[in-house]
Amino acid sequence: MNSACSQLQDDWELYALGSLPDEVQKSMSSHLESGCTECQRRYYDAQMALTAMSHLAPRQRPSANVERRLMQSITAAPAPSLSAWSFWKLVPWAAAFACLVMALWLVHDRKRLQAELAESARNSQLAEQNQKALRDELESKLEAAQQSLKDNSTTAVVSRSATPASPTGDEAKNEAQLRSQLAQALQQAKLAEADKAAMQRQFEQLQAELTAATNRSASLENELRLAQQPSKPIEDKDKKQARANSDQNAILAAELAKSQAEVRRLSMAANNGDRIERLLKSASLQQISLRSVIPQAGHATARALYSPQGGLLLVANSLPKLPEQKCYQLWLIRKGSPAILSGGLITLQDDGEGILFAPPSDTLAQLTALAITDEPAGGSVSSRGRKLLFGAQ
Amino acid sequence: MFNPDQDDSLLLAQVEQRQPDALLALYRKYSVRIFSLLYRIVNDRPAAEELLQDTFQRLWQRPHMYSSDKGPLLSWLLTVARNIALDYKRKESRRAAHLVLPLGGDTGFDLDNLPALESTVDPEVSRAIRQAMESLPPAQKITLELAYFEGLTHPELAERTGETLGTVKTRIRLGIRKLREALLNQGKVLRL
């Protein structure tokens, strides 16, 4: 046994009774669950004794209705997790949510396309600038080449007039180089023209996509507006329906509570009726009348019918209303020991009438007198209140 | 050979598998014992019947709450039933005064004056328990009965009996221990 167990060993009886503070109960439950066999044995011993005490309760049999109600309650079909009403209420919200998501996606897509278009426009502009620069450069080169050809030609004419001869090898070589550069420049110009045309096509395509996306966005925004418009009346309708259902439920719950109270009252009345019948039929029926013995009791009176076999029925009239923390208690005064026994608490009604049934008992055979006192709410083990009414055989 | 504990564990396993017949079998087996305790505590037949139904509904809804290390199933069911009955009684006592069974005058409960007891299990056990209770010192007997059947807290018991909290706790402890010893000395096997 460890130190924790030795601290707990005196409390297992109180734990089994459930009379310790909640936090202590929880802590001891955890200790039990830890598998401490010594403490489990102590708890088990205490629980056995308490379970044995339940045998002291007089045997009572529940009515067959309880079994029927229990079986009905456990075999009833489980309620659907989402009622039809809730489903239809959610439909417009789901549609609106879907449209909202779609609209957000379109806005995002349109921004993406706009960015691409801007990038494309910038690229196109750059390409145009490059093309222009290239064209200028080529034109300047071409002009320089023509000028050079012209100069060479002039020199050649002068030279031919002086010494007629064919062009030299260097001149022919320069001319061929210039022609090649010119062809190359023309080729590049053609390629740049093709790039420009391709970029233009891409630009036009992006422009078309942007227009289409804008149209789709506008269309979905319209749909969203349309989806939101009908949801309002549906929502209003559902709210009205919910209010109506709630009101109806409240009415039904009130009626049910009323019916249950009535059933209880009737059941108690029937139960009391049975008791009264048994009491009145019993052979040794006796009676005691009680009268007020102090001014605080007013004009209260009470009468008790009793027999050892049928129990005791006490009916009191004109009992003054007591403060909430007080109650009326009946005391049985007998020849045996102990001489005074509690007969139970008296249920007081609004009109000052109080009724009490006590079960059959051998004590009633020894009864000599009855007394009614006022005691703290819940009653007393021994009488401490004022003796208000008294009656003897 | 019929083994009630084994039988309970089988029925409980079937309850966990959502077989209503198993719950019905347990209800028929223990409802009288549990209802007797409930009626003894609340002294109101319709209320006791509702609480009985509630007890078995809890078993149906949460069978895993019980485990064999908590003792026999009946003990656990009685504990559940007693707790919900005492809760009900506390709520009711706030609303109105209610009937209670006769209390002994100077000595609290007078078991001699209670109606004849019948056990659903064994009349001899019931008799042995009554004798064991009678063998307790009166103060222990009163305190134990008020704590068990009336559910009075320690401070309430101290106020009711005019004793200190320590004395009240000691009486409960010793009362339960002596009750068990008395039952064992009588040679009664507690089939709970």
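These numbers come from a predicted model, not from an experiment. A note on names: the letters A, B, ... follow the listed sequences, proteins ahead of strands, and every chain is numbered from 1.
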Original post:
Under a 4.5 Å heavy-atom cutoff, which of B:Leu23, B:Thr153, B:Thr79 has the most pairs with chain A?
Top reply: B:Leu23
Original post:
Under 3.5 Å, is there a donor-acceptor pair linking the side chains of B:Arg33 and A:His55?
Top reply: yes
Original post:
So, A:Ser307 and A:Gln286: side-chain donor and acceptor under 3.5 Å apart, yes or no?
Top reply: no
Subject >> Minimum heavy-atom distance between B:Glu145 and A:Leu56, given as atom pair plus value >> reply: OE2-CD1, 4.3 Å
**OP:** Would you mind reporting whether A:Leu388 and A:Tyr328 have side-chain heavy atoms less than 4.5 Å apart?
**Re:** yes
Original post:
Any idea which of B:Leu52, B:Leu24, B:Leu37 has the most non-hydrogen atom pairs under 4.5 angstrom with chain A?
Top reply: B:Leu24
Original post:
Which bit of A:Asp10 comes within less than 4.5 Å of chain B, counting heavy atoms only: side chain, backbone, both or neither?
Top reply: both
Subject >> Under 4.5 Å from any heavy atom of chain B - which part of A:Leu17 >> reply: both
Subject >> B:Arg18 versus chain A, the contacting section by heavy-atom distance below 4.5 Å >> reply: neither
Original post:
Any side-chain donor paired with an acceptor under 3.5 Å for B:Asp8 and B:Tyr66?
Top reply: no
**OP:** Check each atom of B:Tyr148 against the heavy atoms of chain A and say whether the ones under 4.5 Å are side chain, backbone, both or neither.
**Re:** both
Original post:
Side chain, backbone, both or neither: which part of B:Gln19 has an atom under 4.5 Å from a heavy atom of chain A?
Top reply: neither
Subject >> A:Ser342 versus A:Trp331, side-chain donor and acceptor atoms under 3.5 Å >> reply: no
**OP:** Output every pair passing salt bridge (Lys or Arg N to Asp or Glu O under 4.0 Å) with a member in residues 163-175 of chain B, not counting sequence neighbours, ordered by first then second residue.
**Re:** A:Asp11-B:Arg173, B:Glu163-B:Arg171
Original post:
Pick from A:Ser63, A:Gly311, A:Ala46, A:Ala16: which one has the most heavy-atom pairs with chain B under 4.5 Å?
Top reply: A:Ser63
**OP:** Quick one: which of B:Thr170, B:Leu144, B:Leu38 has the most heavy-atom pairs under 4.5 Å with chain A, could you say?
**Re:** B:Leu144
